[in-house]
Amino acid sequence: MSAVEAGGILIGRFALAGACLAILLMPAWWLAGRIQENESSPFWRLLWATGLALVGYLSFVNLAGRLAGNSTGVSLGYLTLNLVAGALVWHRWPAQASWSSLAFTWRSWLGPTALAMVLALPQLFLAVSTNYFDEAASSAIHLTAANQFAEGVFPPRHNALPDVAIKYHYGFTILSGTVRWLTGLSANVSVDVVSTLLWLFIFLFVFFWFKELGCKRFVAFWGGFAALLGGGLGWMYLPRIEAYSGDSKVPEPSELMHRWDASRGGLENLLANAHVPGMHLRNTDASLSSLPWDIAAQFQQHAVALGLALTVFALAAFVAWQRKSRGLSVALMVTNVATFGLLSLAHAAFGAMAGLTAGCWLLARWLRRRTRTDLLRGLCFGIGVGGLTLLHGGLFARGPQYGGDAVATLRDTFGYSVGGVRGFVNWNLASFGVPLLLALAAWGLHRWRRDASSTDRNTLFGLLTVLAIISWSIP
């Protein structure tokens, strides 16, 4: 086969993938408009439609695929249903199904989209330049599950035990497997494509959400930066500390290789830290506390990419639902139940923390107002999310091969470091740095300049505060 023929086949398969994406977005675009009552900007509606399409596709393929024991056939069936639904919507509500408003408002979204694409380039280069994290590990399924999906095998199987479905939050592998199936790209490239597209989705979603909340353009951009490009400050100020036991260094130099090196400048230390995500903080008792990886590095742990994307969308859907004070708001309630119920398949930790956050919010709202509507909302949400989470399986899969171990434990200490207040502050600054400082500043400014009429913004800040507290309770 010549290079021209191979290129033509690749272009054709990319066109097929684009057509499938358009089919998924057709009914989702209409639904997003109905949920938002056609009052938001067209691009914000498109981002909502993307989130709805993502939730719908992952939910259907996983639930139906687990029943049928097949992936590609179920995916074709869902695409067919979306094509029929899109045609019906276009026939019955042509004005609401039209995408013309998106083209007419191109000036409002072209600049942020171009900036997001430029900022995503380093993420793409990092992804494609190496088998980052556990992509190629013998115990990981990120490559094998994508190939399994493209071959119709579902749910993903254990690498060493092909008769055993993997107990893992494998939502990301459904997406990478779909790209592998439609485009013919290799599994590792499919993984990188999905990671980069999710990066773009999150940045644009956060930016346009903040704009909808009334934030200035500069603040909206910083929201995207903090969510995706934040990192700790350990490389900036933590001195390199060495201890000796006889002639040997304790710990080994490799464990301290990314600590501050006084012979280098700040930029060199930052670049050195980026090569390997592991860092350690020396405690006052000479022990080491692990520091979490920077957000940009964490994003390439593939479950994190989808977990973060669905968490952002889930919070937006929940805020929109809470804005409706009357009735059950069935469309938004179903959207919230479906999204929060799917979250644990994307990433179990995100699912647990976001679900508890929303549950606590609904409980507090009912305790404050004691209305039947609030009680029904809370019951429907709790029962629906709990049931869907178990149906989706993932890390919550049950069976004789798995046992009944919990997937989360409650923290019994405050923070990971020792050494009192100083150690606690050091660990947080070294771990989270700029995003932490920005979050604290934003929270303080919000309390100082709180506008009672801005209900969506107040709800979001309240949810993020509860989420921050809960995230400290589940390590």
Side-chain angles (χ1 to χ4, degrees), residues 28 31-32 35-36 40 44-45 47-60 62 169 171-172 174-175 198-199 201-210 212-213 223-224 227-228 299 303-324 329-363 365 377-378 380-392 394-396 408 456-457 459-471 474:
L31 180 58
I35 288 176
Q36 298 174 349
S40 61
W44 177 233
R45 178 182 174 183
L47 292 169
W48 255 79
T50 304
L52 291 170
L54 192 63
V55 171
Y57 179 73
L58 289 172
S59 298
F60 186 92
N62 185 59
H169 32 222
F172 183 94
I174 297 177
L175 297 180
L198 288 173
W199 198 100
F201 171 75
I202 295 169
F203 185 91
L204 291 171
F205 197 95
V206 171
F207 173 81
F208 281 94
W209 189 11
F210 278 28
E212 289 290 320
L213 292 174
L228 291 168
F299 199 83
V304 173
L306 182 59
L308 185 56
L310 285 183
T311 298
V312 170
F313 178 69
L315 290 176
F318 192 82
V319 169
W321 187 31
Q322 297 310 294
R323 188 192 314 139
K324 308 290 185 180
S329 303
V330 177
L332 276 170
M333 183 177 69
V334 171
T335 299
N336 276 270
V337 169
T339 305
F340 281 90
L342 178 68
L343 252 177
S344 291
L345 186 70
H347 196 290
F350 282 102
M353 292 185 294
L356 285 173
T357 298
C360 290
W361 186 272
L362 291 172
L363 177 61
R365 181 166 179 163
R377 281 186 171 193
C380 290
F381 181 84
I383 295 172
V385 171
L388 266 181
T389 298
L390 295 177
L391 284 175
H392 277 303
L395 272 178
F396 289 92
D456 282 8
R457 188 186 299 188
T459 301
L460 175 60
F461 268 85
L463 284 171
L464 292 176
T465 301
V466 177
L467 179 63
I469 295 172
I470 291 177
S471 65
I474 305 177

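Side chains are part of it too, since the values below use all heavy atoms of this structure and drop only hydrogens, waters and symmetry mates. All values derive from a computational prediction rather than experimental measurement. Sequence positions, counted from 1, serve as the residue numbers for this chain.
Here OG1 of Thr311 is found 4.5 Å from CG of Leu343. Values are rounded to the nearest 0.5 Å. One distance of note links CD1 of Ile174 with CZ of Phe60; it measures 12.5 Å at 0.5 Å rounding. Residue Leu464 holds its CG atom at 9.0 Å from OG1 of Thr357, rounded to the nearest 0.5 Å. Within the model, atoms CE of Met353 and CD1 of Ile470 stand 9.0 Å from one another, a figure rounded to the nearest 0.5 Å. To the nearest 0.5 Å, atoms CG (Leu310) and CG (Leu345) are separated by 9.0 Å. A distance of 9.5 Å separates CD in Gln36 from CG in Leu332, rounded to the nearest 0.5 Å.
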Begin from the C-alpha positions of Phe313 and Thr50 and carry the test side-chain contact (heavy atoms from CB on, under 4.5 Å) through to its verdict. CA-CA 10 Å; Phe313 178 69; Thr50 304; over 6 Å; no

Begin from the C-alpha positions of Thr389 and Phe340 and carry the test side-chain contact (heavy atoms from CB on, under 4.5 Å) through to its verdict. CA-CA 8 Å; Thr389 298; Phe340 281 90; over 6 Å; no

Given the rule in the side-chain contact (heavy atoms from CB on, under 4.5 Å) test, do Trp209 and Val319 qualify, once you have shown the distances and angles that lead to the verdict? CA-CA 11 Å; Trp209 189 11; Val319 169; 4.1 Å; yes

Evaluate the side-chain contact (heavy atoms from CB on, under 4.5 Å) criterion for residues Thr335 and Val55: first the C-alpha distance (whole Å), next the side-chain angles of each, then the deciding distance (0.1 Å), finally the verdict. CA-CA 9 Å; Thr335 299; Val55 171; over 6 Å; no

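Nearest heavy-atom pair, Leu213 versus Asp456, reported as atom, atom and distance to 0.1 Å: CD2-CB, 3.5 Å. When every heavy atom of Leu58 is checked against every heavy atom of Gly171, the shortest pair comes out as CD2-O, 3.7 Å. The shortest heavy-atom contact between Leu388 and Ala338 is CD1-CA, 3.9 Å. Of all heavy-atom pairs spanning Val312 and Phe205, the tightest one is CG1-CD2, 3.3 Å. Closest approach of Arg365 to Gln322, counting heavy atoms only: NH1-OE1, 2.7 Å. Across all their heavy atoms, Ala32 and Arg45 have their closest contact at CB-O, 3.7 Å.
At a threshold of 4.5 Å between non-hydrogen side-chain atoms, the residues Val304 and His347 count as touching. Two residues are said to be in side-chain contact when any heavy atoms from C-beta on lie closer than 4.5 Å; Leu306 and Leu54 meet this criterion.
By the side chain to side chain contact (heavy atoms under 4.5 Å, CB included) test, Ile383 pairs with no residue at all, sequence neighbours left out. Phe210 meets the ring-ring contact (aromatic ring centres under 6.0 Å, His included) test with no other residue; sequence neighbours excluded. For Asn336, the side-chain hydrogen bond (donor to acceptor under 3.5 Å, both in side chains) criterion is met by no residue, not counting sequence neighbours.
Note: Trp199 and Phe203 have parallel aromatic rings, judged against thresholds of 30 and 60 degrees for the angle between ring planes.
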